[in-house]
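So you know, we letter chains A, B, ... as the sequences are listed, proteins then strands, and number each from 1.
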Amino acid sequence: MSSLSLHPPSTNIGNKDNGTVSRYSMQDFLSEDTKVEIVPAFDCPTLSFISCDYGPFIAGMSVPVPLWLAVELRKQFRCRITPPPWLCESYLTEVLNYEKDPMNETFFTSSEHPSNPDIQLTLPYHYQSIARVLIDVCPGDIERVKSINVILQDIDFLRNSKSVNILKRLSLSMDGTEGEEVQRNFNMRSGWKGMEVQEFKGVTVKMLEGVRGGDGEGRGEGRGGRGAGNDGRKEGRRKFRNERRREEDGMGGDETPTAKPGRKPTGTPTIDEDGLEVAQIEEGEELEEPTRQGAQRLRRFR
Amino acid sequence: MSDLIGEIDSNLFGGLNSFTQPSSSSNNASADFNADDDDSSTSSNQSAADLSGDYESLMQAWKNEVASPSLLPMDEDVVTTIILLLKNQESLTSRLASSVSSPTTALQLNLYRIELDRTKYVLADYLRTRIRKIERNVMWYLRAYPDGYDYQPNPDFDQHDAESPKEIKTMYMSDKELKFARGYEKLYEKHMYTTVLQHLPETVLDDQPGLDFNLRKLDDARQNMIDGPKEGGYVLGRCLRNGVEWQGEGDWEDYKKGNMILAIFGDVKPMVVNGDIELCP
């Protein structure tokens, strides 16, 4: 009947790593409660659902309904969906231009309505899911749907690479006190939407846990409550810093490969980042901006 | 073991399963039921309009529960109300089904069923997620919340005011979940005893006298064998309203609605519980 029964949302707690976009996910399920306007082609009295009452449906009169209901009606050719105001070419082009600009480190937040400057338009939290469903189900109801589809894909691509950059910076700076700062920056500035959360949540969380020294330190933290958690975090950071220093010392003398196994226990994606950084310092090449900051910090620690 | 789980499951979801057998009274009523009848539609309208907030609460609770590493407080009222609403809607649907007269009625029926499926799925997944968490740390939860409640000292406690409670009571496990947890713990202990513990020596002598401990006991305090939920992990959340004040360490600026939050779960748990932040599954 609905797509729900065929593809149950993935709510597996532990496993968030697979960033497949094509799968019906929990984000899609949640997005289906968003309200959209439809123009019904049938008459029907008010429908009383568990969530809310919708209707009455009078042919030709526009009425707001949740997305799942709109999609179901549209599949039976009983209504026409009015695309939400943000799903238009001019607005999305504006978003794309903002995301394209290398000066903009943050994500697009809001702007004026293309036809009415008094209304501030924001992309809804689940905009990727909503757009995909609408483009799949009712391409005929959206103007210039092909070009919109291309623009949406470009935006997704740019946002993804921006997210990766944010994560890189986060991972490079989590070892010192600046970690707190960067984390706050992340909190204040990143406008992640549903799909980004789905794709990057697993790797972010694992990365940060690794920086804290994830092997077994989280054990029994629940008992001590928050205090114990913070202790664990500091402990992890100290450990991480010590390891870095040891590595630097090893490098200062002759090249000892023994430093490598020493880093092993952190066991996280950051290692790749970090290994790269170390290699660059070793060769004395021109450093990238974040890497240079990292090197300065290391010097300060010594 | 599976018997017990099955039994508890049917206790928890009993309300849902029984929907498929509508009561005889509703069948009788179906004879004079008309979809366009004003009386019937207004009465059900009222109940739905009054209680629509419960659906939102359930969705919120579901999202938070799926994303959080440990059990969150449960609002039993929401669950009971949703079960009642589901029952109500199910009987309405079965009455409609027995009197399909026009294409409009068929459409209504179809839409009602889709929504029933969705809500049932959310409710079932919410309860199952909770059960999964209880199963994972059953011994810890039973020791942290022996009667299903968490008691915290009330900061606004006033000695002279007879009304003010000394402790704030928060429900973490409902009666049915508590019953399940107790049964599951018994089975778990029995299983551990037969497979491992009975082959171990009864006591191990420590270097210092008087500190020997029992290897065959799972919950020996000195061995720290009971794992708690890991609240030290990071979670992603979203601010639900402007000006949420940070309660963790460090001077964090106030947040705006819709801001992303990346923080340690233990730090933000109080804000999740009082509804300032939602977790992103």
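With a 4.5 Å cut-off on non-hydrogen atoms, B:Glu115 touches chain A through its backbone and its side chain both. For B:Arg238, the part sitting under 4.5 Å from any heavy atom of chain A is the side chain, from C-beta outward, and nothing else. Of the two parts of B:Ser70, neither the backbone nor the side chain holds a non-hydrogen atom closer than 4.5 Å to a non-hydrogen atom of chain A. Of the atoms belonging to B:Leu58, not a single heavy atom falls under 4.5 Å from chain A.
The closest donor-acceptor contact from the side chain of A:Gln27 to the backbone of B:Pro281 lies under 3.5 Å. Although no hydrogens or angles enter the test, the distance criterion places no donor-acceptor pair under 3.5 Å between the side chain of B:Lys63 and the main chain of A:Leu30.
Using a 4.5 Å heavy-atom threshold, the side chains of A:Pro45 and B:Gln108 count as touching.
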Given the rule in the side chain to side chain contact (heavy atoms under 4.5 Å, CB included) test, do A:Tyr54 and B:Leu111 qualify, once you have shown the distances and angles that lead to the verdict?
CA-CA 11 Å; A:Tyr54 297 109; B:Leu111 297 176; over 6 Å; no
Query - side chain to side chain contact (heavy atoms under 4.5 Å, CB included) between B:Tyr112 and A:Ser48, worked out - result: CA-CA 8 Å; B:Tyr112 284 146; A:Ser48 54; 4.0 Å; yes
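Here CH2 of B:Trp62 is found 3.5 Å from CE of A:Met26. Values are rounded to the nearest 0.5 Å. Going from atom CG of A:Leu47 over to atom CG of B:Leu107 covers 7.5 Å, rounded to the nearest 0.5 Å.
Geometric assessment of B:Arg118 against the ring of A:Phe29 yields a positive cation-pi assignment under the 6.0 Å and 45° thresholds.
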